[in-house]
Trainee: 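One structure is given below, represented as structure tokens, and several questions about it will come after.
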Amino acid sequence: MGTHGNLSINSENIFPIIKKWLYSDHDIFFRELISNGCDAITKLKKLEVMGEYQLPDDNKFKIEVIVNDKEKTLTFIDNGIGMTADEVNEYINQIAFSGAEAFLKQYKDKTSEDQIIGHFGLGFYSAFMVADKVTIDTLSFKDGAKAVHWECDGGTEFDMDEGDRTERGTKITLYLNDDSLEFANEYRAKEVIMKYCSFMPTEIYLTNPNAEVQYDTIDPSEVLESDTVIETVVEPEKIEEKENEDGTKETVVITPEMTKTKIVRRPVALNDTTPLWTKHPNDCTEEEYKDFYRSVFHDFKEPLFWIHLNMDYPFNLKGILYFPKINTEYDSIEGTIKLYNNQVFIADNIKEVIPEFLMLLKGVIDCPDLPLNVSRSALQNDGFVKKISDYITKKVADKLSGMCKTEKESYEKYWDDINPFIKFGCLKDDKFCEKMNDYILFKNLDGKYLTLPECLEENKEKHENTVFYVTDEIAQGQYIKMFKDEGMDAVILKHNIDQPFITHLETKNESVKFQRIDADLTDNFKEAEEEASEETKASYDKLTELFKKSLNNDKLEIKVEKLKNEKISSMVTLSEESRRMQDMMKMYGMMGMDPSMFGTNLTLVLNANNDLVKHLMNNVESENASLFCEQLYDLAVLQHEQLNPDAMAKFVERSNKIMMLLV
Ligand code: ADP
Ligand code: MG
């Protein structure tokens, strides 16, 4: 028969362009060719189910990849549906190529730097990214079908002839170009297959005819008919004389343990054809979930918990999302969500499908309904993709809120680990934030976990709608003590994300206000006010003047108050807004500027009930007055923030001097 034809394409030679554009990801041809083999097998399985084809009894579906570094070839063989000459003509010469053409049309404006390019495949023609010449040898499953041989050298011309394939299925051979010889290396090939094909639904075997043959030594009872036996070592039985306890002797026959058979190593499939996500959640054990996590993410820390997504309507979506254990507060959280289309790996962390904050998790998502055009991996950025993304977000929120409602104990146990993730999610995704609003936990001073409504309930009588918080339990220890003495509560928020998070929560819950424990001294801590006498006022003023002079700071706001706790001498407060502003400035690296520029001055509170302060008030003229002022100020500031190096040095020096006064 013999056909010489022209591939229907306008451009002289499309392949150099394909090569160039897909440069960064040109190993995807493995995925395309192997998945074509899987498709061909799936089609045949369907025909069998429909009663249109009877599989031979010894049929075992598989895909074989043969690397040959001497011949510089790479061969893909499947025992699927095969193709007739007409089909090769239709699917390879016309359709597949038009797919490639469409791809080029659609994406010719994109540069090779564009990340999304990596997500596209070209189906069968991606083989030309690495091969100068490609041949197809195929035999259709159809009764009386004739084998077909097709070849194309990367130009726009092809040759098609009768072939000599005798087994059902398709063999595709790539004659690798000099830049791509790496793919004929067994280990490189294995690596790429593991990357894209780990969970494909048909067993994949990799063979290397040039490799040294490897052997296994096994028990004779384990030899299979299909094994190639090299030799069987049989040790003869031994007869030994044994002495019994009563001194009599006896001969015993010892059957050798060492009868072993040496066989050529049995090929093992590289992939797992039924990954865990394809099973029903009720059929999966905890151990299986953990094993799957380990094998896919190579993370030997156990995941905290997971969500198994499993839905058929309104679209097909299956997957498992794991919440990884974060080691320390400072560990950066970096997840991976692997996206699959019918068990064929598409890419990691595709932002169109996976909501950004979920990329902090580790997981797999398989969505057979993904709208992929031009072969299987061009993602259409349409409303449907957004729906998938929304659905995943909703499921995660449902699981978390459900856990908070029905398994509060485990939820609390995981909270410290998962809260940065949830807070980040709230910042990134309004819908998620709304759903999670009442299921965010706050750890209070007694280590109890409260939801936002519960927090508000706690302080309701004294401070409606205010949630007090602590960012540093040690530095703010004195404030914490004051709060506890007054029977007031605060929550602990010490993670970096907490500041932007509470600001966000305030915008979402209009009446709610978060206030750091040292922001303002509320009336709770002061003695019931009575009108101070003129005399008292005058001595307060004198004290204030003394501090301003000693600290050489005219702008410092100073308040003299009668605090209930007489042990407290001095403390500073800084309004919530000012402090947040200051923190923001720090975050933006504006540290170099004078903070007072932003009007963020501290207020120094002096306790008129404290003996030391009283003493100072009565002895403003004393020679050590200035020393006391400086020391009291530093002690107050220390509870609020770190002293700068200069102030710290002075503080230490002064403390020593004060001790000298005692000796
Ligand atoms: P797609 O797989 O998206 O249809 P491809 O370019 O990968 O696009 O393949 C084009 C067509 O060629 C397939 O749809 C199929 O009909 C046929 N084909 C490719 N490889 C095989 C194969 N190994 N066995 C049978 N048919 C194949
Ligand atoms: Mg394909």
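Each ligand, and each atom within it, is numbered from 1 in the order the structure gives.
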Trainee: Throw together a table of side-chain donor-acceptor distances under 3.5 angstrom for residues 423-432, partners on residues two or more places apart or in other chains.
Mentor:
residue, atom, partner, partner atom, Å
Lys423, NZ, Asn419, OD1, 3.0
Lys423, NZ, Asp498, OD1, 2.7
Asp429, OD1, Lys431, N, 3.1
Asp429, OD1, Phe432, N, 3.1
Asp430, OD1, Lys508, NZ, 3.1
Asp430, OD2, Lys508, NZ, 3.4

Trainee: What atoms of ligand 1 come within less than 4.0 Å of a heavy atom belonging to Lys43?
Mentor: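 In order of numbering, the contacting atoms are 15 (C), 16 (O).
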Trainee: Quick one: does ligand 1 sit under 4.0 Å from the side chain of Glu90, the backbone, both or neither, non-hydrogen atoms only?
Mentor: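 Answer for Glu90: neither.
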Trainee: N/O to N/O below 3.5 Å, does that happen between Ile172 and ligand 1?
Mentor: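 So ligand 1 has no N or O lying under 3.5 Å from an N or O of Ile172.
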Trainee: Does NZ or CZ of Lys387 come closer than 6.0 Å to the centre of the six-membered ring of Phe315, within 45° of the ring's axis?
Mentor: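 Ring-cation test returns no.
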Trainee: Tell me whether Tyr125 has any N or O atom under 3.5 angstrom from an N or O of ligand 1.
Mentor: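 Among all N and O atoms of Tyr125, none is under 3.5 Å from an N or O of ligand 1.
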Trainee: Would you say Asn185 and Asp69 are linked by a side-chain donor-acceptor pair, where the criterion is simply a distance under 3.5 Å?
Mentor: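 Looking only at side-chain atoms, Asn185 and Asp69 do not form any donor-acceptor pair under 3.5 Å.
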Trainee: Supply the atom-to-atom distance Phe29 CZ to Tyr196 OH, rounded to the nearest 0.5 angstrom.
Mentor: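 It is 10.0 Å, given to the nearest 0.5 Å.
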Trainee: For ligand 1, which atoms sit closer than 4.0 Å to a heavy atom of Ala40?
Mentor: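 Counting atoms of ligand 1 from 1, those under 4.0 Å from Ala40 are 24 (N), 25 (C).
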Trainee: Taking a cutoff of less than 4.0 Å between a non-hydrogen atom of the residue and any ligand atom, is Met83 in contact with ligand 1?
Mentor: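 So Met83 counts as touching ligand 1.
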Trainee: Between ligand 1 and Asp78, is the shortest N or O to N or O distance under 3.5 Å?
Mentor: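 Yes.
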Trainee: Is the distance between the ring centroids of Phe323 and Tyr414 under 6.0 Å?
Mentor: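 Centroid distance Phe323-Tyr414: not below 6.0 Å, so no.
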Trainee: Return yes when at least one N/O/S atom of Asn36 is nearer than 2.8 Å to the Mg ion (ligand 2), and no when none is.
Mentor: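 It does; at least one qualifying atom falls short of 2.8 Å.
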Trainee: For Phe199 and Trp277, I'd like to know if the aromatic rings sit close, meaning centre-to-centre distance below 6.0 Å.
Mentor: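 Between Trp277 and Phe199, which both carry aromatic rings, the centre distance is below 6.0 Å.
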Trainee: Please confirm whether the ring centroid of Phe30 lies under 6.0 Å from the ring centroid of Phe76.
Mentor: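 Yes, the ring centres sit under 6.0 Å apart.
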Trainee: Under 4.0 Å from ligand 1, counting heavy atoms only, is it the side chain of Ile92, its backbone, both or neither?
Mentor: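 For Ile92, only side-chain atoms sit under 4.0 Å from ligand 1.
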Trainee: For ligand 1, which atoms have a heavy atom of Phe124 less than 4.0 angstrom away?
Mentor: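 Near Phe124, the atoms of ligand 1 are 5 (P), 6 (O), 7 (O).
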Trainee: For atom 9 (O) of ligand 1, which of Ile81, Asp39, Thr138, Asn36 has the closest heavy atom?
Mentor: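 When every heavy atom of Ile81, Asp39, Thr138, Asn36 is considered, Asn36 comes closest to atom 9 (O) of ligand 1.
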Trainee: Can you see whether Asp86 engages Thr84 through a side-chain donor-acceptor pair at a distance of less than 3.5 angstrom?
Mentor: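 Checked: Asp86/Thr84 side chains show no N/O donor-acceptor pair below 3.5 Å.
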